[in-house]
Each structure stands twice: as structure tokens, then as C-alpha cells.
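Heads up: numbering here begins at 1 and tracks the sequence.
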Amino acid sequence: ESDALEVVAEGGSMPTPAMLAWARELLVGSWYTLEWRGRHETVQLAWHGMRRQLSLFASAGGRCILFQQHRLAAFLQAGLLLPAQDEALTVKATRNALAKLDADPSRLMN
């Protein structure tokens, strides 16, 4: 079962344009929790293909999971693929820092 390449061909619903945009913006190296085929596992985004039409995730166990952009967006929309907690905290910290800078740009000068 390990070292297998699996292609996600089913699951999720028709994604909205916002979800398709989010799927295109996922960063290589970021971590997610994936619920698929009765498994919950942590996966890392390893690669995006040209024009981000394909995205490859890798599990700690060595499995690789390939998504077409449309299916990836559908999984995001359905909550089957979620940013891992540490990723969410990093994003939140970045957003908070940017909000503080927006409120007081002089902080950059110190």
C-alpha cells in the first residue's frame, strides 16, 4: 500500500470559483489533513503541475495522492481536505502581523 500513487477521481461536490482559486493558491510544502477512502491522514503538498491543473500530495507513509484542480477544489469545499493546525496558526499569525502593520506602518521603520 505504501509507495503507491493514487489518483483522486471521485468525491466532493461542484466547486465554486472561490474554491477553485483557493486550490490554485495552496503552497507547496504546506500540510493538510485528508479524509479519503475511510482514512484520515496528514499529507504534504509536494508538487503543482503546469497551470496548477494537477497537485500531488504525499503522506508520511509514502503514499502519493494526485488531484486534478477541480477535484482538489471540491475536497476543499467539502472539508475533506483541511489545512493542518500548525499551518492554520502560521497563517493566523501572519494575518495578525499584517493587520498590525496596516494599523501602524511606522512599525516597519523601527
Side-chain angles (χ1 to χ4, degrees):
E1 180 92 53
S2 70
D3 295 332
L5 173 64
E6 300 183 45
V7 178
V8 179
E10 79 285 333
S13 55
M14 180 64 82
T16 63
M19 286 293 145
L20 285 165
W22 187 21
R24 280 192 297 272
E25 289 166 11
L26 298 183
L27 297 175
V28 169
S30 52
W31 291 89
Y32 300 86
T33 55
L34 173 64
E35 185 179 333
W36 188 52
R37 292 189 172 165
R39 285 191 290 244
H40 268 91
E41 59 188 327
T42 302
V43 295
Q44 186 175 31
L45 179 55
W47 172 84
H48 279 302
M50 276 181 24
R51 297 186 312 280
R52 307 216 169 191
Q53 292 300 307
L54 296 172
S55 296
L56 184 71
F57 291 80
S59 74
R63 287 191 323 114
C64 293
I65 303 117
L66 187 68
F67 283 88
Q68 289 184 312
Q69 185 185 90
H70 212 80
R71 185 69 50 206
L72 182 59
F75 267 61
L76 288 167
Q77 182 166 297
L80 297 171
L81 182 73
L82 295 168
Q85 190 59 38
D86 55 351
E87 175 77 6
L89 289 174
T90 304
V91 170
K92 186 176 178 188
T94 303
R95 199 174 291 124
N96 288 345
L98 290 171
K100 286 177 182 165
L101 285 173
D102 282 345
D104 183 9
S106 67
R107 286 172 186 240
L108 277 176
M109 309 313 271
N110 296 342

Q: Are the side chains of L45 and L27 in contact, using a 4.5 Å heavy-atom criterion?
A: no
Q: Considering all heavy atoms of both residues, which atom of A46 and which atom of V28 are nearest to each other, and what is their separation?
A: O-CG1, 3.5 Å
Q: How long is the gap from NE2 on H48 to CG on L26, to the nearest 0.5 Å?
A: 5.5 Å
Q: E10: what forms a side-chain hydrogen bond (donor to acceptor under 3.5 Å, both in side chains) with it, not counting sequence neighbours?
A: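 Result, side-chain hydrogen bond (donor to acceptor under 3.5 Å, both in side chains) vs E10: W36.
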Q: E35: which residues meet the side-chain hydrogen bond (donor to acceptor under 3.5 Å, both in side chains) condition with it, sequence neighbours left out?
A: H40
Q: Does G29 offer a backbone N or O that forms a donor-acceptor pair with the side chain of Q44 under 3.5 Å?
A: yes
Q: First locate atom CE of M19, then atom CZ of R24, and finally report the distance between them rounded to the nearest 0.5 Å.
A: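 So the CE of M19 and the CZ of R24 are separated by 12.5 Å.
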Q: Could you give the side-chain donor-acceptor pairs of residues 70-81 under 3.5 Å, partners two or more places apart or in another chain?
A:
{"residue": "R71", "atom": "NH1", "partner": "G11", "partner atom": "O", "Å": "2.6"}
{"residue": "Q77", "atom": "OE1", "partner": "T16", "partner atom": "N", "Å": "2.9"}
{"residue": "Q77", "atom": "NE2", "partner": "S13", "partner atom": "OG", "Å": "3.2"}
{"residue": "Q77", "atom": "NE2", "partner": "M14", "partner atom": "O", "Å": "3.0"}

Q: I need the Y32 OH to L82 CG distance, nearest 0.5 Å.
A: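 Separation between the atoms: 10.5 Å.
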Q: Can you name the closest pair of heavy atoms from R37 and E6 and give their distance?
A: NH1-OE1, 2.9 Å
Q: Would L20 end up clustered with F57 when hydrophobic side chains under 4.5 Å apart are linked, directly or stepwise?
A: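 The answer is no; the residues belong to distinct hydrophobic clusters.
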